[in-house]
Participant: 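The structure that follows is given in the form of structure tokens.
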Amino acid sequence: MSSEQSAYTSSQTKQQRVLACVLCQQRKVKCDRNFPCANCTKSQAKCVPATLLPRRRRRRFAERELLDQLRNYEHLLRQHNIDFEPLRKDSPSTKESPDEPQDEHGVAEVSSPSSNLKSKPIPEVKSFWHAVRCRFGSDDESDDYVDDFAQTVGRAMDKVYVNDGSLILGLRQIPVDLSPLHPEPAQILRLWQLFVDNVNPLLRVVHTPTVQGYVIEAVASTKSMKPITEALMFSIYATGIFSLSEEDCLSVFGTQKDELMVKYQFGCQQALANCGVLRTSDRDCLTAFYLYLISFNHTTDPRALSSISAIAIRIAQRMKLDKDSPDGDYSVLEAEMRRRLWWALVLFDLHISQVAGEKNKTLMPTFTCRIPLNVNDAELRPEMKDEPLAHDQPTEAIYAVVRSAIGDHMRHTVFNLAYNAPELAPFARVRDGPSPEGGELMELERLIEHKYLRFCNPENPLHFVATWEARTNIAKCRLMEDYSIQAKSSPADSYGRLDNAVVHSIRMLECDTQLMASPLIKGFRWMLYFNFPFPAYIHLVKCLEKSPRSEHAERAWRALNANFLAWDISHFHKNGTFFTQVCKMVLGAWSYRETALIQAGEMIVPPPCVGRILELLSISQDVDPRDGGSDWMTDGVAGGGGEGMDDLYHMMPLGFENNSFPLGQGGSDLYADFANVAPVDAGLDSNMNRLDWAASTIDWGVGQRTTW
DNA sequence: TGTATCGGACAGTCAAACGG
DNA sequence: CGTTTGACTGTCCGATACAT
């Protein structure tokens, strides 16, 4: 075509295609492609050369939808014994789905089921309203009668049920004006910067370029803020403060951290109630709820937090965050942020349920949301039509991507399902051939190291934390896997595996020490405090008690010592119970070694951590009234091989004094200041926080209760 | 009569599907 | 891995509407 040919400066160089100017395109008239062109010159308009639009992804499988429909009708005809000429003569009724596995159009495909699972896929019923439309005649998208009705029902629910928030966010009659709770404009910017520096690099649930706009609005005025924006802002304030140490908070804001936390958490809670978080379909609203929960992590009983986290997961499922939506349902930016939020929620839920000692039913092979893309926020723009290419090199999202990749692998492993959902074992990703030494996680380790970590710069704080936390987590997984294998084998078989678990525990501590001892991670400590390597401590202490002079004892003690000192566990002194128990565990193991060394006539040189523990314990005895006096050494846990500890839910690193706050009933005087209500007697909760290990037992035999 | 608007035919491009 | 298919983008003719 001549006009098309003229659109190129040369027929040989297609790259240099010259498009008609914007005005001519708009007017649908021939453009001479001089700039300014004749048309623009004539009409004295500004001649703007047009640019080529990025090509949209082609819609896939359109004909397959028709085939599916045809098969469905053929199936109905067969069911009713009606003669017909089938689409394919060679496809008898026994083989109705020759194209298995089916794609997302009409047939639910469970993500990566095992190859040995040959059950027939079940057609997905998208929703009741969709089913109604299918049944009563029209699959036509333009049949909006049913859709209208569905929306009407939704709107009616909005009007009828006005008090949804009171379920967990406290009873109240009127929305509270929250503008007095916002910080000063300068502090808003400071909190935003803290969030951007310390929180978002790890969570990546906030698209910085977009939310920056909200922040600027908030700086201008906090009076007429939309409820969802307000909730998001308060969640940003709360997590920003949460990421600071108490000393830094005091020096930067001139106020105690606890005081600011309670203030912004209360603001966030009220704002969430204002925007009806329990019935929301808004991603920003759920993001605010997630950040709100994050801000409670250190101070709330994990069992309570686990229940609330389940609510967030349910909201996310209602919003279909767990499904990777087909192209076109959401913009590229929105789809990516939905993926990031889903994975953040899943990993938070996993963490909380592990700490609470519960089985986790979220990190399962049954959801289809893929992991976030390894891209920078600036590469995700609202107007984008095509997904940006994921980088090989680390980006701003590296930490979130690596964690999600580990989670994605984990959810398909046999040992994860054995721990959490044995009934889903057929969906494990079983590889062919015998399992090599290292089990299901060798592949994961190779993938993570090769695909993500090898490009990380150890001097970049985000890369550093992504690298060493990934390695710590993989070591933890391998320890868990080892326990899972051990649980299935006889005691005689499992004895030889003891060394594997020791190796994984030592590796876990060594990687964790790399993290905790580094000055690079200062801004990210808040996140790392979530992950005290307690399983490794328990395993090593137990092994060191049984074999105080074994082959690995020296290395284990070096690892324990370095990790204990790196954590500077006295930091948690005010949450004394946990701290005391960890100290007593280590001390107990040392006493076994001391005795063994004396019997062997060897010289005794206690590791520095033992001296530090004795020093800390002597200080703590007068200070911490909550220490129930349970003795690791004398209560039968250390010495009594067979006894077990059923309740490992108390293995959290920090105290939980404020555990009812997320439910809208503050346990603090500070809450009363803001809410103008009488505080609940905090004393009621104090017993909940006791780490009464004396009454606990640990089942070392099979380990099925030791979920971490 | 001149000018602007816009439906729609047509051509080119290229990702997905196909087939050997 | 080359070929085919067809969804998508870009071009601009010509019918029509509207202003002068």
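Residue numbers start from 1 in every chain, and the chains themselves are labelled A, B, ... in the order their sequence lines are given, proteins ahead of strands. Predicted model only: the values in this text are computed from it and were never measured.
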Participant: Any side-chain N or O of Arg27(A) less than 4.0 Å from the OP1 or OP2 oxygen of dT3(B)?
Facilitator: no
Participant: Specify the separation, in whole Å, of atom CG of Asp32(A) and atom C1' of dC12(C).
Facilitator: 13 Å
Participant: If we ignore angles and hydrogens, is there a donor and acceptor under 3.5 Å between the side chains of Asn360(A) and Tyr419(A)?
Facilitator: no
Participant: Do any N or O atoms from the side chain of Glu379(A) and from the backbone of Asn376(A) form a donor-acceptor pair under 3.5 angstrom?
Facilitator: yes
Participant: Taking the side chain of Val29(A) as heavy atoms from C-beta outward, which of dA4(B), dT5(B), dC12(C) is closest to it?
Facilitator: dT5(B)
Participant: Do Arg471(A) and Trp468(A) meet the cation-pi criteria used here (NZ or CZ under 6.0 Å from the six-membered ring centre, within 45° of the axis)?
Facilitator: yes
Participant: Starting at CD of Gln26(A) and ending at P of dT3(B), how long is that distance when rounded to a whole Å?
Facilitator: 18 Å
Participant: What's the closest nucleotide to the Arg33(A) side chain, out of dC13(C), dT11(C), dA4(B)?
Facilitator: dT11(C)
Participant: Using distance alone, with no hydrogens and no angle criterion, decide if Tyr330(A) and Glu336(A) have a side-chain donor and acceptor under 3.5 Å apart.
Facilitator: no
Participant: dT11(C) P sits how many Å from Lys28(A) NZ, rounded?
Facilitator: 12 Å
Participant: Any N or O donor-acceptor pair linking the side chain of Lys42(A) to the base of dG2(B) at under 3.5 Å?
Facilitator: no
Participant: Leu23(A) CG to dT11(C) P: how many Å, rounded?
Facilitator: 13 Å
Participant: Using a cut-off of 4.0 Å on non-hydrogen atoms, how would the nucleic acid contact of Cys24(A) be classed: base, sugar-phosphate, or nothing?
Facilitator: nothing
Participant: Expressed in angstrom and rounded to an integer, what is the separation of Gln25(A) atom CD from dG7(B) atom P?
Facilitator: 16 Å
Participant: Roughly, in whole Å, what's the span from CG in Leu19(A) to C1' in dT9(C)?
Facilitator: 10 Å
